[in-house]
Amino acid sequence: MPRRLRSVGLDFVESAALRLVFDAEVSAPPEAVYRALADDVAGWPSWFTSVTAARPIEEGAGREIRLRGGTALRESILAAEPGARYAYRVDEANAPGPKALVEEWRLTPAGTGTRVRWTFAADGSAPFRFTLRLARPGMGRAFRNAVRNLDRRLAAPAA
């Protein structure tokens, strides 16, 4: 049964009760990274292994995401700034605990590549926040692996 989360805006990225922030660099330019994040939603499972299925909904204004372990999310896009930022809010989740969730991907030029910053902003029950704090190292590894996979995917010659 999906649970409705609190509707928050982009300002939640800075004001959330819990913020997990991770950085990595890729060799691809910001525009290519942005296209992989925002334009190729269905391609996420090929590089972010925690994601088992992803599809755009509502003519691209939202996404439906399935994660390893069975979590299902329905999201609304909050920011789509080509080459710079992609952010979305989780509106519904089948997992207990979260009350509000926003993820933001910031892209900044780094030499000929891109610095990718992922902010996971959340509020929820005390056990949920505690669990997220414990999960921080694993989420960091998952992010770094995903960005490494994305970098390889973007560097591969088009078939």
Side-chain angles (χ1 to χ4, degrees), residues 2-3 5-6 8-30 32-38 40-55 63-79 81 84-111 113-156:
R3 300 169 195 268
L5 277 63
R6 193 168 75 241
V8 293
L10 277 173
D11 59 328
F12 187 72
V13 171
E14 299 300 325
S15 65
L18 180 64
R19 295 176 66 245
L20 305 177
V21 181
F22 307 98
D23 289 285
E25 288 191 16
V26 296
S27 56
V33 177
Y34 177 84
R35 283 192 300 274
L37 291 171
D40 185 19
V41 171
W44 278 54
S46 68
W47 56 271
F48 205 135
T49 59
S50 298
V51 177
T52 61
R55 71 181 186 97
R63 309 175 344 150
E64 283 185 349
I65 305 292
R66 294 218 177 263
L67 303 176
R68 202 167 2 135
T71 300
L73 309 168
R74 188 173 179 89
E75 303 169 337
S76 291
I77 307 303
L78 298 177
E81 301 168 21
R85 176 164 68 160
Y86 185 60
Y88 42 88
R89 171 187 62 233
V90 176
D91 297 316
E92 294 178 1
N94 68 347
K99 293 180 183 171
L101 251 169
V102 172
E103 295 181 45
E104 177 188 60
W105 296 76
R106 284 264 185 188
L107 311 174
T108 54
T114 305
R115 173 163 284 291
V116 180
R117 171 170 282 179
W118 177 47
T119 301
F120 187 92
D123 188 17
S125 65
F128 173 76
R129 290 191 319 270
F130 178 76
T131 301
L132 274 181
R133 284 186 185 96
L134 289 178
R136 182 181 187 16
M139 289 176 71
R141 272 190 304 280
F143 166 75
R144 287 187 300 279
N145 289 338
V147 171
R148 195 169 23 255
N149 292 341
L150 179 60
D151 196 27
R152 281 195 291 267
R153 180 178 179 171
L154 294 175

Spacing of [atom1] belonging to [X] relative to [atom2] belonging to [Y], to within rounding of 0.5 Å:
X	Y	atom1	atom2	result
Asn149	Trp44	CG	CH2	13.0 Å
Leu5	Ser76	CG	OG	11.0 Å
Leu154	Arg152	CG	CZ	11.5 Å
Arg153	Trp47	CZ	CH2	9.0 Å
Arg63	Leu73	CZ	CG	8.5 Å

Check the orientation of Trp118 and Phe143. Use parallel for under 30°, tilted for 30 to 60°, and perpendicular for over 60°.
parallel

Is any side-chain heavy atom of [X] less than 4.5 Å from a side-chain heavy atom of [Y]?
X	Y	result
Arg129	Asp123	yes
Asn94	Arg3	no
Tyr34	Glu81	no
Thr49	Asn145	no
Ile77	Tyr86	yes
Val102	Phe120	no
Tyr88	Leu78	no
Glu75	Ile65	yes

Short N-O contact, [X] and [Y], less than 4.0 angstrom:
X	Y	value
Asp23	Arg117	yes
Asp91	Arg89	yes
Arg66	Glu64	no

Where is the tightest heavy-atom contact between [X] and [Y], given as atom of each residue plus distance?
X	Y	result
Leu101	Pro98	CD1-CB, 4.2 Å
Thr114	Ala28	OG1-O, 2.6 Å
Ser125	Lys99	N-CE, 4.1 Å

Exactly one candidate in Asp151, Leu107, Thr108 meets side chain to side chain contact (heavy atoms under 4.5 Å, CB included) with Val116; the answer is Leu107

When Leu20 is tested against each of Glu103, Arg133, Met139 for side chain to side chain contact (heavy atoms under 4.5 Å, CB included), which residue passes?
Met139

Verify whether the ring centers belonging to Phe130 and Phe128 lie closer than 6.0 Å.
no

Residues passing the side chain to side chain contact (heavy atoms under 4.5 Å, CB included) test with Ala16, sequence neighbours excluded, are Phe12, Arg19, Ala121

Any donor and acceptor pair, going by atom type alone, linking the side chain of [X] with main-chain N or O of [Y] inside 3.5 Å?
X	Y	answer
Arg144	Gly140	yes
Ser27	Gly113	no
Thr131	Pro127	yes

